[in-house]
Amino acid sequence: PNNPISQQIFQSFGVTDTSVEAPLTLPDYATVSIKQEIRPGWDILGDISYTNWSVIKNITLNFGDGSPSVKEILNYRNTWRLALAQEFQM
């Protein structure tokens with residue numbers, strides 16, 4: 001922070017001004033969507049999505065000031081999402 005008061009507050013908690021690197025592989029995802037007209041002005045919509053969250057096992061924070069790295073174990077699980085909707089035009 002550029003504000004001297006903020007710097008003092010952060011320093012009082014042991015937080016210093018340093019760079020942090022956190023390499024991370026982002027998950028693959030896929031989505032399939034459909035829109036079907038039922039009758040004029042009335043549509044049904046739907047989609048299904050899959051996200052491969054399991055590729056994110058952990059995240060490691062590497063500090064530029066030489067502080068020890070911090071590793072957080074995440075072990076995310078993959079997810080599916082289903083959405084249904086209707087659209088009506090007046």
Side-chain angles (χ1 to χ4, degrees):
N2 294 327
N3 182 326
I5 295 172
S6 296
Q7 288 177 347
Q8 288 177 351
I9 293 170
F10 282 111
Q11 288 172 354
S12 71
F13 288 103
V15 177
T16 59
D17 188 9
T18 185
S19 62
V20 177
E21 182 181 274
L24 181 66
T25 299
L26 296 177
D28 298 319
Y29 67 92
T31 302
V32 176
S33 300
I34 188 169
K35 180 177 181 178
Q36 178 65 46
E37 183 179 61
I38 302 299
R39 59 178 113 175
W42 187 24
D43 300 330
I44 299 292
L45 303 92
D47 73 43
I48 186 166
S49 299
Y50 173 80
T51 305
N52 188 25
W53 289 112
S54 65
V55 299
I56 303 177
K57 303 290 184 204
N58 58 61
I59 187 167
T60 302
L61 304 177
N62 302 310
F63 300 98
D65 66 357
S67 297
S69 295
V70 175
K71 184 176 184 177
E72 181 71 25
I73 297 173
L74 303 172
N75 288 328
Y76 288 153
R77 294 181 295 172
N78 300 329
T79 59
W80 288 92
R81 181 184 64 82
L82 176 65
L84 297 172
Q86 70 174 357
E87 186 176 77
F88 185 73
Q89 296 178 13
M90 298 173 118

Spacing of OG belonging to Ser19 relative to CG belonging to Asp65, to within rounding of 0.5 Å: 7.5 Å
Atom pairs and distances, donor-acceptor, side-chain atoms in residues 82-90, under 3.5 Å, two or more places apart:
from, atom 1, to, atom 2, distance (Å)
Gln86, OE1, Trp42, NE1, 3.1
Glu87, OE1, Lys35, NZ, 3.2

Crowding at OH, Tyr29 (>12 non-hydrogen neighbours, <6.0 Å): no
By side-chain contact (heavy atoms from CB on, under 4.5 Å) - contacts of Asn52 (at least two apart): Asp28, Tyr50, Ser54, Val55, Asn78
Single-linkage hydrophobic cluster Ile48~Ile34, side-chain heavy atoms < 4.5 angstrom: no
In one Ile/Leu/Val/Met/Phe/Trp/Tyr side-chain cluster, 4.5 Å: Val70, Val20: yes
CG on Asn62 to NZ on Lys71, rounded to 0.5 Å: 11.0 Å
Joint cluster assignment, Trp53 & Leu26, ILVMFWY side-chain distance < 4.5 Å: yes
Evaluation steps, side-chain contact (heavy atoms from CB on, under 4.5 Å), between Lys57 and Asn75: CA-CA 4 Å; Lys57 303 290 184 204; Asn75 288 328; 3.8 Å; yes
Pro27 vs Ile56 side-chain heavy atoms within contact, under 4.5 Å: yes
Approximate separation, where rounding is to 0.5 Å, of Asp47 CG and Thr31 OG1: 6.5 Å
Glu37 versus Asp43, closest heavy-atom pair with distance: CA-OD1, 3.2 Å
Residue pair Asn58 / Leu24: nearest heavy atoms and the distance that separates them: O-CD1, 4.4 Å
